[in-house]
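Notes for the one structure printed next.
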Protein chains: 2
Amino acid sequence: MQALTPPPVRLSEQLGESIEERIVTGVYPPGTRLDEQELAESFGVSRTPIREALIQLASIGLVEIRPRRGATVPEMAPDRLCEMFEVMAELEAMCGRLAARRILPAEQARLLEAHQACEAARQAGDPDLYYQLNEVFHRAIYDASHNGFLAEQATALHRRLRPFRRLQLRVRNRMNTSFSEHAAIVEAILGGDSEKAGSVLRAHVIVQGERFTDLVATLRQMHNPPEAELAQAGT
Amino acid sequence: MQALTPPPVRLSEQLGESIEERIVTGVYPPGTRLDEQELAESFGVSRTPIREALIQLASIGLVEIRPRRGATVPEMAPDRLCEMFEVMAELEAMCGRLAARRILPAEQARLLEAHQACEAARQAGDPDLYYQLNEVFHRAIYDASHNGFLAEQATALHRRLRPFRRLQLRVRNRMNTSFSEHAAIVEAILGGDSEKAGSVLRAHVIVQGERFTDLVATLRQMHNPPEAELAQAGT
DNA sequence: TGAACTATTCTTGTATACACAACATCGGTT
DNA sequence: AACCGATGTTGTGTATACAAGAATAGTTCA
């Protein structure tokens, strides 16, 4: 009852989402200079909405704007990613603790439903579907925390980490272990065990960060000649 | 060696800060419509940088932009404020836990220094000074967590809650109890007691949220005839 | 007299134009 | 030959102009 009015939304927001999409999907890899004119032509609009979109993306950390020097996709050093996963883990843990104490019957049903949907995707061996349903699962927990602000923060960070999370599920057996972790999470939340829910969720997220770090370290070792620390613009 | 180049900063950013200042200091109370032209004239600039500033403020939640309807200062329902304090408490707790494990000698010195400065302000009975030094104290903890992303998040939320926090210190004896809580925090962090540091910091922040809620409830009861829920524009 | 429709006005959203700073290239000097 | 300075070009930052949607007021009809 809201999607009927076609586009009551600013163009700059749509552009922001499109650019975000291009960033997280790797069309604009880290370090890319985002030329306003190029983007404008590429989308067939003027520079104005492009600028607004970039400013918005900059304020959530997805691009970096340096005065008089334009926008670039930030490099996302592995260290920083670890930090972000560390915070994400804590936010999820907090959601879990609160959810265990506050979840309502209807939300319990939603959570179980999402969990069972994940099970189906796992059995089907479909990582992409699992990835998608996994988001629904986690969002159900966010909502069950009954802290709207927390849910927003968690969602925002979740989105930002999306591209890095996505790599994980291809790793051997990740989907299976993820699912069994989910089972423990559901049990703790439905059982009202606040601390358990928090610690299990924290571990569930942290392990992703660690796995990703390992992955990066491996890739780094492969790509880099012994010492190459000065990454300026792909040199 | 960087503050010499006078203003290598976008005008829209400065405007954003000015507008933010006006919002948090109550010049633009919640519910205010922010007319772009008015703001532009008020600052002596064109609408363009004003728009950019508003978009940036909107993306951090300080203003609300509805398409084709302009920007307003969001109402900040007491419920939402409680939620924000709840999250703030957890972020600070996390900073504390990490700081207790990771703090370096130089940072220990900084923390003690900030603590002692607060002591001076307390003895002088200067709430404004205490308020300021309190920020330094907390920032020292953020930094000692050695998680730059966490520190940024905590700082951002801290800023956003600033206006509400500020009211607290006028409450009878709040400065004294705040200071003794600080002492416990310092002891836990320097003692390396991670869990203690977290729980003490959480309580330190939560109590502010609760006190604020009480305050709001009191004010609400005073101002409102039995049922007045429709607050549109100061009617 | 009240309600609904229409026209006007006002504000936002987008495009275009202009100014100025940063980078690059080239020429001169030590 | 290498370094420093001047000039041109590119692209960001701001201002202005224009278009479209929303709010409002006025009018007309029941």
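Lettering of chains follows the sequences in order, A, B, ..., and the numbering in each one begins at 1.
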Residues from residues 32-41 of chain B lying under 4.0 Å of DNA chain D - heavy atoms: none
Residues which pass side-chain hydrogen bond (donor to acceptor under 3.5 Å, both in side chains) with B:T25, listed by chain and number, not counting sequence neighbours: none
Pairwise salt bridge (charged side-chain N to carboxylate O under 4.0 Å, His left out) hits with a residue in residues 49-61 of chain A, at least two apart: A:E36-A:R51, A:R51-B:E52, A:E52-B:R51
Under the salt bridge (charged side-chain N to carboxylate O under 4.0 Å, His left out) test, residues paired with A:E152 that sit two or more places apart: B:R80
side-chain N/O A:R68 vs D:dG11 OP1/OP2, d < 4.0 Å: no
Test side-chain hydrogen bond (donor to acceptor under 3.5 Å, both in side chains) applied to B:S18 - qualifying residues, sequence neighbours left out: none
Which residue lies more 5' along DNA chain C, comparing B:A71 with A:V45 via nearest heavy atoms: B:A71
Pairs satisfying salt bridge (charged side-chain N to carboxylate O under 4.0 Å, His left out), at least one member in residues 63-73 of chain A, at least two apart: none
B:T48 vs D:dT14: side-chain N/O to OP1/OP2 distance below 4.0 Å: no
Distances under 3.5 Å between protein N/O atoms and the N/O atoms of nucleotides 23-25 of chain D, please, pair by pair.
residue, atom, partner, partner atom, Å
D:dA23, OP1, B:R69, NE, 3.2
D:dA23, OP1, B:R69, NH2, 3.3

By side-chain hydrogen bond (donor to acceptor under 3.5 Å, both in side chains) - contacts of A:H115 (at least two apart): none
Pairs touching residues 83-97 of chain A that satisfy side-chain hydrogen bond (donor to acceptor under 3.5 Å, both in side chains), sequence neighbours left out: A:E86-B:R102, A:E86-B:N147, A:E90-A:R202, A:E90-B:R97, A:E92-A:H138, A:E92-A:Y142, A:R97-B:E90
Positions of residues 52-63 of chain B (non-hydrogen atom under 4.0 Å from DNA chain C), listed by number: none
Results of side-chain hydrogen bond (donor to acceptor under 3.5 Å, both in side chains) for A:H182 - residues two or more places apart only: A:N134, A:H204
side-chain contact (heavy atoms from CB on, under 4.5 Å) involving A:T32 - partner list, sequence neighbours excluded: A:Y28, A:P29, A:L34, A:V73
